[in-house]
Each structure stands twice: as structure tokens, then as C-alpha cells.
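Computation of the quantities below employed the complete heavy-atom set of this structure, encompassing side-chain atoms and omitting hydrogens, waters and symmetry-equivalent molecules. Numbered from 1 within each chain, the chains take letters A, B, ... in sequence-line order.
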Number of protein chains: 2
Amino acid sequence: METEATAENSGVLDETGLGAEVRSAVGRLYRRFRSELPAGELGDTALEVLTYLHKRGPRTLTELSEAGRVAPASMSQTLNRLTSAGYAIRTPDPNDRRKVLFRTTTEGATLARATRSQRNAWLDAQLAALSPEDQRTVARACELLGAIADS
Amino acid sequence: METEATAENSGVLDETGLGAEVRSAVGRLYRRFRSELPAGELGDTALEVLTYLHKRGPRTLTELSEAGRVAPASMSQTLNRLTSAGYAIRTPDPNDRRKVLFRTTTEGATLARATRSQRNAWLDAQLAALSPEDQRTVARACELLGAIADS
DNA sequence: TATTGTTATACTCTATAACTATA
DNA sequence: TATAGTTATAGAGTATAACAATA
């Protein structure tokens, strides 16, 4: 037996079930995160882009759309929301005038830092209640799944 | 002025990082799943509701909205999509005529079974490439995170 | 009055198609 | 022609507010 069954999801962990388990858990967590989101705040998509710009530095629209695996037109609109809100700005690329470099504003950088801890308060509390071993398990799974998401 | 930040935050178990790591990994996986979705197919939300009805049996709108942690009005619209597509039907509750019991149709049950394996083909392939130990780690993390999502 | 469910409306996020500007 | 980016429009999924029907 590879894994013990989760009592309530009864038939779920069968031979082919791991993908379904991951997908279900991810979907439920994602929706849970979204349900905690106060109205008027940046959505997770926009915040993820802002955080990416903050951590990696200026990027073009094409780079951002490829990193986020969305169509360029989709990323353009997400960036419209960020720039309209004053969290990012467009700057011309001096070497290629077709390109636009997006970068965070001071407000955007502040928000990226602040929101990172604030928005995760609930989740951090839940995770803190796990045993150290379980925390390591979750951390390791995040590495593995993050790599899969980017593969 | 470059990112004084961790270029690759996979050290993970720092003082505040686990919640952020989980959130980031979940968000990137969720968006990756969504990007794999062929046009014209049921979205993950609708499919999750359909699967829930298929596994648990008939449920009222209130029960479904609480299970999915969405507003009743939101669930009503998701159910409108499922019923319009012929995958679920409304049936009156004989004991309380305010209530509506939603149940899968034959087509809905078939779809719930078929899509489950088909849609996870890509993810299953990625997971199959992991070592057995890593697979157990992911499975265990899904249990832990699933419980948090439902807490 | 309280509960159950619905419709109306708006916002985020996504897509495709059609467009402009630059290389 | 090819590439980078934008706008127009549509659909899924979410929310709140206002409503009807039943308890």
C-alpha cells in the first residue's frame, strides 16, 4: 500500500488518483484563498505579477505573459489594472521602441512587501498548527509542485 | 538597487515564508491547470460541483454553496451552467417546497467519470516522474492542505 | 419573520480577433 | 513580413443587493 486512505474522500486515493488529489486540493485551496479576499484589493493574479516584478525587476509584457502562461492580451489587461492603480508604470525600452518595460512604483513595491505577509496570515496560522514534520512535508511538496507548474 | 530579495526563495522554511510558498505554488498550479483547459469544456468550478454531486448524491443549493465556500447566488449561477448544459437537473424537495435538490443527469455522471482521468493526464504524467518517496510527500501534503482548505 | 433560491448588476481574469507601431 | 503591444468583445466565476416563494 502506498498511501493510507483519507477517510472522508473514500475511493479517492486509488492507483491513478494522485493527479486528481493534487488538482482537487489545489482548486479548493485556491478558492478558499479567493474567498478570504476583501473587496477592493488586488486579486491574486495582479498581486502575483506585482510580486514578480518586485522580485525579478523590470520585464516586458511578452516576458510576463510567458512567465504567467497567459495570452499577451490577458497580461496587458492585468497590467492595465496595476498601472491604473498606481502600482506599476510603463517605461520605454531604449533599445527597441516596440517594447515596454513594466516596473513597480514605490507604492507597488510597498504593497508587494506588505501584502505578502498580511494576506497569508490565515494560512500561516493554519500551517503553524502542523507538526514540524508535516510542515517540512508541505514545504517539500511546494517545491515539487512548483517545479511541475513551471515545467 | 537590484532585488535585494532572494533570487530563488526555495529555502522555504524561513521565518515567514511557508504560507507564501504554499499560496504561490497553489496559484501557479491553478493557473497552469486552467491554461490547459480546452475551450468549450466545463471549467474547474463547474466540474468540481458536478463531481461533488456525483460522489455525494443530491444536494440543495445552500449545501453546495457552503461546501464550495461561495455565495448562494454564485452557486446558483454555476448550477445554471450545469443544468443548461444538461449535466444536472433541479428536482423539488417533497418535504420542504422552498428547497431544490440538484442531481446529476446520466450525461453528467458520465462526464464526471470521464473527465476525471482525462483532464489529469498531464499532471499524472508529471507526478509519475517523481520518486516514490516524493509521490508520498505530495500525497501527504494534499491531505494536509485539503484539510486546511476545508477548515 | 426567517429561510431558500433566483435574477440583476458589476468586477476580475481569461481568451480570440483585429488593430497600431516598430523592426 | 515579423514582433510587441493594445483595444474590443465574450465567457467563466465571483460578489452584493433586491426580490419571490415557502416555512
Side-chain angles (χ1 to χ4, degrees), chain A residues 27-50 52 58-85 87-103 119, chain B residues 27-28 30-50 52 58-85 87-102 119:
Chain A
R28 283 181 295 141
L29 270 176
Y30 186 88
R31 287 188 284 275
R32 176 64 184 259
F33 295 158
R34 191 167 47 193
S35 76
E36 307 277 331
L37 182 65
E41 294 200 2
L42 282 183
D44 271 11
T45 295
L47 185 63
E48 188 86 11
V49 173
L50 187 66
Y52 187 91
R59 288 291 188 278
T60 66
L61 180 137
T62 298
E63 288 168 340
L64 292 170
S65 72
E66 287 172 354
R69 293 181 180 274
V70 296
S74 304
M75 185 55 69
S76 185
Q77 293 166 84
T78 297
L79 289 164
N80 275 342
R81 286 191 294 275
L82 286 175
T83 54
S84 297
Y87 298 132
I89 52 170
R90 292 173 161 83
T91 57
D93 183 320
N95 302 323
D96 185 340
R97 285 187 302 170
R98 292 174 301 182
K99 296 186 180 176
V100 176
L101 283 169
F102 291 87
R103 49 186 88 224
R119 186 165 292 188
Chain B
R28 285 181 294 141
Y30 186 88
R31 287 187 285 275
R32 175 65 183 257
F33 295 158
R34 190 168 47 190
S35 77
E36 307 276 330
L37 183 65
E41 292 199 2
L42 282 183
D44 272 12
T45 296
L47 186 63
E48 190 86 11
V49 173
L50 187 65
Y52 187 92
R59 289 290 188 280
T60 67
L61 180 135
T62 296
E63 289 167 339
L64 292 171
S65 72
E66 287 172 353
R69 294 182 180 273
V70 296
S74 303
M75 184 55 70
S76 186
Q77 293 166 83
T78 297
L79 289 164
N80 275 342
R81 286 193 294 275
L82 286 174
T83 54
S84 297
Y87 298 133
I89 52 171
R90 292 172 159 84
T91 56
D93 183 323
N95 302 323
D96 184 342
R97 285 186 303 168
R98 292 174 302 180
K99 296 186 179 176
V100 176
L101 284 169
F102 291 86
R119 186 164 294 188

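At a cut-off of 3.5 Å, with distance as the only test, a side-chain donor of A:Arg81 or A:Thr78 sits close to an acceptor on the other residue.
Atom pair B:Asn95:CG and C:dT3:P shows a separation of 19 Å (rounding to whole Å applied). Look at CG on A:Leu82: it is 12 Å from C1' on C:dT12, rounded to the nearest Å. The interatomic distance linking A:Gln77 (CD) with C:dA15 (P) rounds to 10 Å, in whole Å. D:dT3 atom P lies 16 Å from atom CG of A:Leu61, rounded to whole Å. The distance from atom CZ of A:Arg31 to atom C1' of D:dA12 is 13 Å, rounded to the nearest whole Å. A:Leu64 places its CG atom 13 Å from the P atom of C:dT14, with the value rounded to the nearest Å. For the pair B:Glu41 CD and D:dG13 P, the computed distance is 12 Å after rounding to whole Å. For the pair A:Asn80 CG and C:dC13 C1', the computed distance is 13 Å after rounding to whole Å.
Residue A:Ala71 places its side chain closer to C:dA15 than to any other of D:dA23, C:dA15, D:dT14. Counting only heavy atoms from C-beta on, A:Arg98 has its side chain closest to D:dT3 among D:dA21, D:dT6, D:dT3. Checking C:dA23, C:dA15, D:dT6 against every side-chain atom of A:Asp96, the shortest atom distance belongs to C:dA23. Considering only side-chain atoms of A:Ala73, the nucleotide from C:dT4, C:dT7, D:dA8 that sits closest is D:dA8.
Put simply, OG1 on B:Thr45 and CZ on A:Arg31 are 4.5 Å apart, with the number rounded to the nearest 0.5 Å. Here the CG-OH distance, from A:Asp44 to B:Tyr30, works out to 11.0 Å after rounding to the nearest 0.5 Å.
Within 3.5 Å, a donor on the side chain of B:Ser74 pairs with an acceptor on the base of D:dA15, or the reverse.
Across A:Asn80, A:Leu61, A:Leu101, a single residue satisfies side chain to side chain contact (heavy atoms under 4.5 Å, CB included) together with A:Arg90, and that is A:Asn80.
With DNA chain C read from its 5' end, the first of the two nearest nucleotides for A:Pro72 and A:Arg97 is the one closest to A:Pro72. Along DNA chain D, the nucleotide closest to A:Leu79 and the one closest to A:Arg34 are compared, and the more 5′ of them pairs with A:Leu79. Mapping A:Arg81 and B:Phe102 onto DNA chain C by nearest heavy atom places B:Phe102 closer to the 5' end of the strand.
At the phosphate of D:dA12, neither OP1 nor OP2 sits under 4.0 Å from any side-chain N or O atom of B:Thr78. Contact annotation: A:Thr62 side-chain N/O to D:dG5 OP1/OP2 distance is under 4.0 Å.
No contact: A:Asp93 has no heavy atom under 4.0 Å from any strand. Counting non-hydrogen atoms under 4.0 angstrom, A:Ser76 reaches a base of the nucleic acid.
Counting heavy atoms from C-beta on, the side chains of A:Thr62 and A:Lys99 never come closer than 4.5 Å.
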